[in-house]
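Computed from a predicted structure; not experimentally measured. Protein chains get the first letters and strands the later ones, always in sequence-line order, with residue 1 at the start of each.
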Number of protein chains: 2
Amino acid sequence: MATIHDVALKAGVSVTTVSRVMNNRGYISEATRTKVYAAMDELGYQPNEIARSLLRKQSNILGLIVPSVSHPFFSELADRIEYYAYQKGYKVLLCNSQLDPVKERDYIEMLKRNRVDGIMMGSHTLEVDDFMSLRSPIITFDRQIREDIPYISSDNYEGGRLATERLVSQGCRKIAHICGNLQLDLLANRRTDAFRDVVQRHGVAHLIIQTDMNVFDQARYEQLLRELLVAHPDIDGIFATSDIIGAFALKECELAGKRVPEDVKIIGYDDVNAARWLSPELTTIRQPIDDFGKLAVELLSKQVEGETVEIRNALPVELVIRGTA
Amino acid sequence: MATIHDVALKAGVSVTTVSRVMNNRGYISEATRTKVYAAMDELGYQPNEIARSLLRKQSNILGLIVPSVSHPFFSELADRIEYYAYQKGYKVLLCNSQLDPVKERDYIEMLKRNRVDGIMMGSHTLEVDDFMSLRSPIITFDRQIREDIPYISSDNYEGGRLATERLVSQGCRKIAHICGNLQLDLLANRRTDAFRDVVQRHGVAHLIIQTDMNVFDQARYEQLLRELLVAHPDIDGIFATSDIIGAFALKECELAGKRVPEDVKIIGYDDVNAARWLSPELTTIRQPIDDFGKLAVELLSKQVEGETVEIRNALPVELVIRGTA
DNA sequence: TTGTAAGCGTTATCAC
DNA sequence: GTGATAACGCTTACAA
C-alpha cells in the first residue's frame, strides 16, 4: 500500500508538503496542491491512520463492552452508539463479554493496549479493581462502579412504580415480578424496590422471582415461567424486567390456556422493537435507548476533550400502553 | 501512560531486553526477567498495540459492515463473529451502513485507512467499484460482488423450496410470498425463484410482494401485511423472507380475526431467537448463523495468512417446524 | 545474555 | 511556500 513517501516521490515534492495538503495546513501553491492530489489518486493513496494515531496519541476508537449484542436491548443500544459515534468521527470496537468475568477483564486490557479513547461498559461483572488502573475515560450503563465514574441509566424506580401501579389499577390482585439477579449491584434493582413499595401500599398479593441473569438462556426463561404458572395458577399480573421475559410470559400464558390481557396482564421493560412483534403487542416501560447512545458518546467525547461531565445521568422512562395490560 | 522506555529505565535494562521479555524471544536470564516483570506491573505497563501494529503492518482488527446491528439477524451474526474473532485474537470494528451508500463507502475508506486485516460485508449497496482498490481480504454475506471475492450464503433456493413445499403440503391454496427488493442482486432472490417453481409445479395460486428492503421500517411491514390481507382475504399461506416479517404477518392475521395456523399458515426465514418469542412459535427456515460467523472469521484469517480460500460458500438450511405451519 | 540503532508512516518544529 | 529532521512506541537486525 502506498505511503506518503510514494506520493511525495511521484509528485516531486517532500513528504511535509504532502502532509500539508492532506491536512490543509499552512500555505501551499495551487500548482503543488494539484500535483499532490494527482499523485494521491494515481496511487490510490490512503493515509495510514495507525501512524497518525501513534503520533497524535488518539485512536478515535471507542470500546463498547456488552454482555451480548444478540440481546435486543444491547443490539439496539449498539446501533445507536455506532450512529452517534460515527457522527463525531469515532469508530466502535465491539466486545461481547458473554458475562464471563475473564473475558470482560481480558477485553478491558485489550482496549487499554489499543489505546482506545474511551470505554462504554454495558456489562456487569463484579471485578471493579480493573477499572482502577484505567486512565482513559469510561462510562457505564445502569451500574455505579465507583463514585467518580459517570453512569447512564433511566429512572428505574419510576419505571417499576409505573408498571406496578398500572397492573394494580387494572385490577390485578396477585402479581409476579420477574427480575434479574439482585445480588448484582445494578441500578435496575430499583425497579424491584418500587414493585415492593407499590404492591405493599395497595395490599396486593405478590411474589418476586429472580432469574439468574448471568445467562440469557431462553430455555430457562421458558421453564421458569411455566413453573410459575403451574405453582401459582391464580396469578393475574406479571411485571417482567425485560421485554424478552415479557414475551415468554405471554407465550406461556397462552400455552396454559390463559387469555392476555383478560386473565393475566403483562408488562415488560425496555420497549425494544420486539415488543411490537407480539400479538397482542406488549405493554412496557420504555427506556430511551436512543438517548442512552447519544449521551454515552457525548459523555465520552467530552471527557476526551478534557471537560468534566455529570456523574449521575438518569433519563426518564415512560409507560407505553399496548395490548397486554 | 508508561512506555517501554519507562520500564527499561526502572528495570535498569535496555528497551530491547524489555521487548524480549514481553515477547518471549531470545535468551534472557531469570534475574532480568524478574526485574522487568516487576517494573512492568509497578508501572501498570500495557504495551502500545498501535505502535506494534504500525511496525508489524497488521492491526488484528476486522471490519464488519452490516445494514444495522439492531436487526436480529445481523445482531446474532455480529455476536457470533465477535465470538470467533476473539478466539483468534482479532478485534471487531462495528459499522452500520444504515443501507446508505455514502456511509457504506465512507466506512470502507475508513477501514482501509485504519489498515484492518479484513472486511466482512453484510450490507448491500451497489457500488462495486470501491472494492476494486481494496487490497485487504474481504468477504461478503449473501452477495457475489465479484468473481474473485469469497462469499458466504446459505442454500437459498433450497430454503425457498422447503418453505413453499411445506405450505403446499399443508394444504395452502393461495400463497403470498413477501420478499426483499428483487432489483438488488442478492443471492436471497433464489428463494423467490424456488417459490415460483414450486407453486407453479403444484398449480397453486400465489402472489409475490416486494418490500423495499432499503429500510427496516416496521410501520411499513405492518401496513403492507394489513393491506395484503384486506386485498386478498382468501390467502391461506404466507412465506416471509425473514422472521421479523413473519412476526408481523402473524400479528396482522390475528388482528384480522384469522387463526394461525388453522386459517392461514406462515413460514418465516432465518430462525432468529425472536422466532421463539411468538405464540404460536414461528415455523421457519433455519440459516446457520453460528456457522456463518465461524466461516467468516476463518475465511478472513486464512487470507491474512496468505492461503487461498473457496469463493462459493453455501451452507445448508433446514426447515424448522413449529406452530405456524 | 544484553545493547545500539534503524525503521514502521505520520506530523510538528524549525529552517531556508 | 517548501523541505529536513525529530519524534510517537515498538521490534529486529546486527554487534558486543
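Within 4.0 Å (heavy atoms only), Ser19(B) reaches at least one base atom of the nucleic acid. Across all strands, Ser53(B) comes closer than 4.0 Å to no nucleic acid atom at all (heavy-atom distances).
Between Glu49(B) atom CD and dC10(D) atom P the separation is 10 Å, expressed in whole Å. Atom CG of Asn114(A) is separated from atom C1' of dC10(D) by 14 Å (rounded to the nearest Å). Distance NZ (Lys35(A)) to C1' (dT2(D)): 10 Å, rounded to an integer number of Å. Atom CD of Gln58(B) is separated from atom P of dC10(D) by 18 Å (rounded to the nearest Å).
With sequence neighbours excluded, the residues forming a side chain to side chain donor-acceptor pair (under 3.5 Å) with Asp79(B) are Ser68(A), listed by chain and number. Remark: Asn60(A) engages no residue in a side chain to side chain donor-acceptor pair (under 3.5 Å) (not counting sequence neighbours). Shown here are the side chain to side chain donor-acceptor pair (under 3.5 Å) partners of Glu305(B), two or more places apart in sequence or in another chain: there are none.
An OP1 or OP2 oxygen of dG3(D) is reached within less than 4.0 angstrom by a side-chain nitrogen or oxygen of Thr17(A).
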Taking only N/O atoms, report every protein-nucleotides 5-9 of chain D pair under 3.5 Å with atom names and distance.
residue : atom : partner  : partner atom : Å
dC8(D)  : O3'  : Lys57(A) : NZ           : 2.9
dG9(D)  : OP1  : Lys57(A) : NZ           : 2.3

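Remark: the Thr16(B) side chain and the Ser19(B) side chain contain no N/O donor-acceptor pair separated by less than 3.5 Å.
Checked by atom type and distance alone, the side chain of Asn313(A) pairs as donor or acceptor with a backbone atom of Glu310(A) at under 3.5 Å. In this structure a side-chain-to-backbone donor-acceptor pair under 3.5 Å is missing from Gln303(A) to Pro137(A).
The residues Lys35(B) and Glu30(B) are annotated as not salt-bridged, no charged nitrogen and carboxylate oxygen being separated by less than 4.0 angstrom.
The footprint of chain A on DNA chain C, defined by a heavy-atom cutoff below 4.0 Å, extends from dG9(C) to dC14(C).
Sequence neighbours left out, the pairs with a member in residues 290-300 of chain B that pass side-chain hydrogen bond (donor to acceptor under 3.5 Å, both in side chains) are Arg80(B)-Asp290(B), Tyr84(B)-Asp290(B).
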